[in-house]
Amino acid sequence: MTLGNGKTVTFKRSKAPWIALLLLFALYFSIQITGFSIVVLIERIYQFWKIVGEMIPPNWSYLDRLWQPLFDTIKMSLLGSLLGAVCALPIAFLASSNMVKSTWLVVASKLFLSLLRTLPTLVAALIATFIFGIGTMAGTVAIFIFTVAYVGKLLYEQIENTDLKAFEAMHSMGHSTFSAFRYAILPQILPNYISTALFCFEGNVRYAAILGYVGAGGIGLLLNESLGWRNYANVGMILLLLAVTVFCIETLSEHFRKKLM
């Protein structure tokens with residue numbers, strides 16, 4: 001483009017066509033590797049609606065058997081989330097480069113959280129069942145591990161992005177690092193910290209229902225049993241109860257998170 005003063009301005013060629021071409025190649029090879037077939041999807045999709053039809057209406061007489069497993073699911077989600085959120089705070093502190101001057105300790109803490117995040121919750125629950133046996137204890141441990149990894153990762157990023165002026169001022173007045181962190185940094189991150197913990201608890205209630213597939217207790221055991229026997233009316237009742245429970249927890253959690261922000 002030639003401007004009015006005679007200067008010529010050149011524009012960089014757009015990379016969008018190359019990116020689109022790369023994505024098309026990636027899509028093609030993904031379809032080949034996974035064996036995805038739109039024809040099979042169209043031909044077999046009716047099976048999904050058939051199963052949904054068998055879930056409706058749900059078996060209301062099955063509801064009496066679900067209360068205790070549901071409470072077990074909520075209890076192990078709450079306990080695992082609470083303990084995980086508490087333990088995530090000191091680990092996040094050690095992983096914060098602006099709080100800890102020891103480089104190897106910061107790297108080791110971040111690596112520890114990364115390793116925990118790479119461990120799927122189902123795998124953690126399966127390992128826990130071998131150690132603690134079948135039941136809610138294994139599910140609680142799996143949820144605890146996930147919560148530490150999730151909350152710890154977000155928390156140390158929040159700590160590293162905080163305003164350090166008050167922290168440095170307290171440090172210069174003679175406060176220890178932990179004391180300055182408690183009074184200068186913790187009040188800044190506390191609302192986001194609690195909000196993240198509540199959000200994690202919401203998800204853990206849903207995850208806890210799936211953990212029953214590996215024997216980690218809760219309502220997931222009954223869900224696995226009903227699916228195994230193809231008793232879809234019972235499955236419909238379990239899913240309906242879970243949906244109502246998760247909705248109530250999410251509504252309550254969202255209310256408190258809005259109060260904190």
Side-chain angles (χ1 to χ4, degrees), residues 74-121 124-125 127-128 131-132 136-208 249-261:
I74 296 174
K75 285 187 291 185
M76 70 181 186
S77 302
L78 181 60
L79 181 60
S81 301
L82 179 61
L83 294 178
V86 170
C87 292
L89 181 58
I91 299 175
F93 174 84
L94 296 176
S96 304
S97 57
N98 58 346
M99 295 289 109
V100 179
K101 301 306 178 184
S102 176
T103 304
W104 72 266
L105 186 56
V106 172
V107 172
S109 300
K110 289 183 177 180
L111 180 61
F112 175 71
L113 290 174
S114 297
L115 290 175
L116 289 184
R117 288 199 307 276
T118 59
L119 184 66
T121 309
I127 296 173
I131 300 174
F132 302 105
T136 54
M137 179 66 181
T140 303
V141 171
I143 291 173
F144 166 79
I145 293 173
F146 171 78
T147 304
V148 169
Y150 181 83
V151 177
K153 171 67 166 62
L154 296 179
L155 191 58
Y156 84 70
E157 291 180 347
Q158 293 170 9
I159 294 174
E160 289 183 338
N161 291 320
T162 54
D163 187 358
L164 297 180
K165 292 179 181 178
F167 176 82
E168 293 170 350
M170 295 189 71
H171 231 308
S172 64
M173 293 170 59
H175 283 265
S176 65
T177 301
F178 290 105
S179 177
F181 175 82
R182 176 185 175 187
Y183 293 107
I185 303 298
L186 191 58
Q188 295 185 57
I189 64 170
L190 190 59
N192 285 330
Y193 170 48
I194 298 177
S195 178
T196 302
L198 287 172
F199 182 76
C200 190
F201 170 61
E202 295 174 15
N204 285 339
V205 176
R206 294 189 292 269
Y207 300 148
I249 291 174
E250 286 183 348
T251 302
L252 188 63
S253 175
E254 185 178 359
H255 169 74
F256 286 112
R257 282 192 283 114
K258 285 182 178 179
K259 294 289 186 181
L260 291 168
M261 299 304 289

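Position 1 is the first residue of the sequence; numbering continues from there.
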Using the salt bridge (Lys or Arg N to Asp or Glu O under 4.0 Å) rule, collect all pairs that involve [range], keeping only residues at least two apart or in two chains.
range	value
residues 191-208	Glu202-Arg257, Arg206-Glu250
residues 89-102	none
residues 82-96	none

Under the ring pair (Phe, Tyr, Trp, His ring centres under 6.0 Å) test, residues paired with Phe201 that sit two or more places apart: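 Counting only residues at least two positions away or on another chain, Phe201 forms no ring pair (Phe, Tyr, Trp, His ring centres under 6.0 Å).
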
Name every donor-acceptor pair, under 3.5 Å, that has one atom in a side chain of residues 91-99 and the other anywhere in the protein, sequence neighbours excluded.
{"from": "Ser96", "atom 1": "OG", "to": "Ala92", "atom 2": "O", "distance (Å)": "2.7"}
{"from": "Ser97", "atom 1": "OG", "to": "Glu160", "atom 2": "OE2", "distance (Å)": "3.1"}
{"from": "Asn98", "atom 1": "ND2", "to": "Ile159", "atom 2": "O", "distance (Å)": "3.0"}

Residue pair Ala124 / Ile145: nearest heavy atoms and the distance that separates them: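 Minimum heavy-atom separation between Ala124 and Ile145: CB-CD1, 4.3 Å.
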
Smallest separation among heavy atoms of Met76 and Gly139, with atom names: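 Met76 and Gly139 have their closest heavy atoms at SD-CA, 4.0 Å.
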
Euclidean distance, [Y] [atom2] relative to [X] [atom1], rounded to 0.5 Å:
X	Y	atom1	atom2	result
Thr162	Asn192	OG1	CG	11.0 Å
Ser81	Ile74	OG	CD1	11.5 Å
Met170	Leu164	CE	CG	13.0 Å
Thr140	Leu83	OG1	CG	8.5 Å

Ser77: side-chain hydrogen bond (donor to acceptor under 3.5 Å, both in side chains) partners, not counting sequence neighbours: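 Expected list: none.
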
Partner set under side-chain hydrogen bond (donor to acceptor under 3.5 Å, both in side chains) for Thr147, not counting sequence neighbours: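 If we apply the side-chain hydrogen bond (donor to acceptor under 3.5 Å, both in side chains) test to Thr147, skipping adjacent residues, the hits are Asn204.
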
Partners meeting side-chain contact (heavy atoms from CB on, under 4.5 Å) with Ala125 (sequence neighbours left out):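 Testing Ala125 for side-chain contact (heavy atoms from CB on, under 4.5 Å), a comparison that skips the adjacent residues, returns Ala142, Leu211, Val214, Ala216.
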
Leu252: side-chain contact (heavy atoms from CB on, under 4.5 Å) partners, not counting sequence neighbours: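 For Leu252 the side-chain contact (heavy atoms from CB on, under 4.5 Å) partners, ignoring immediate neighbours, are Phe256.
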
Side chains of residues 150-158: which donor-acceptor partners sit under 3.5 Å, not counting sequence neighbours?
{"from": "Lys153", "atom 1": "NZ", "to": "Glu157", "atom 2": "OE2", "distance (Å)": "2.2"}

Selection residues 179-188 - residue pairs positive for side chain to side chain donor-acceptor pair (under 3.5 Å), sequence neighbours left out: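 The answer is His175-Ser179.
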
CZ (Phe199) with more than 12 external heavy atoms under 6.0 Å: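 No.
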
Min side-chain heavy-atom separation Phe167-Thr177 under 4.5 Å: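 Phe167 reaches Thr177 side chain to side chain.
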
Leu113 side chain near Val148 side chain, heavy-atom distance below 4.5 Å: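 Side chain of Leu113 against side chain of Val148, heavy atoms only: contact under 4.5 Å found.
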
Which residues share a salt bridge (charged side-chain N to carboxylate O under 4.0 Å, His left out) with Arg117, sequence neighbours left out: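 Residues passing salt bridge (charged side-chain N to carboxylate O under 4.0 Å, His left out) with Arg117: none at all.
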
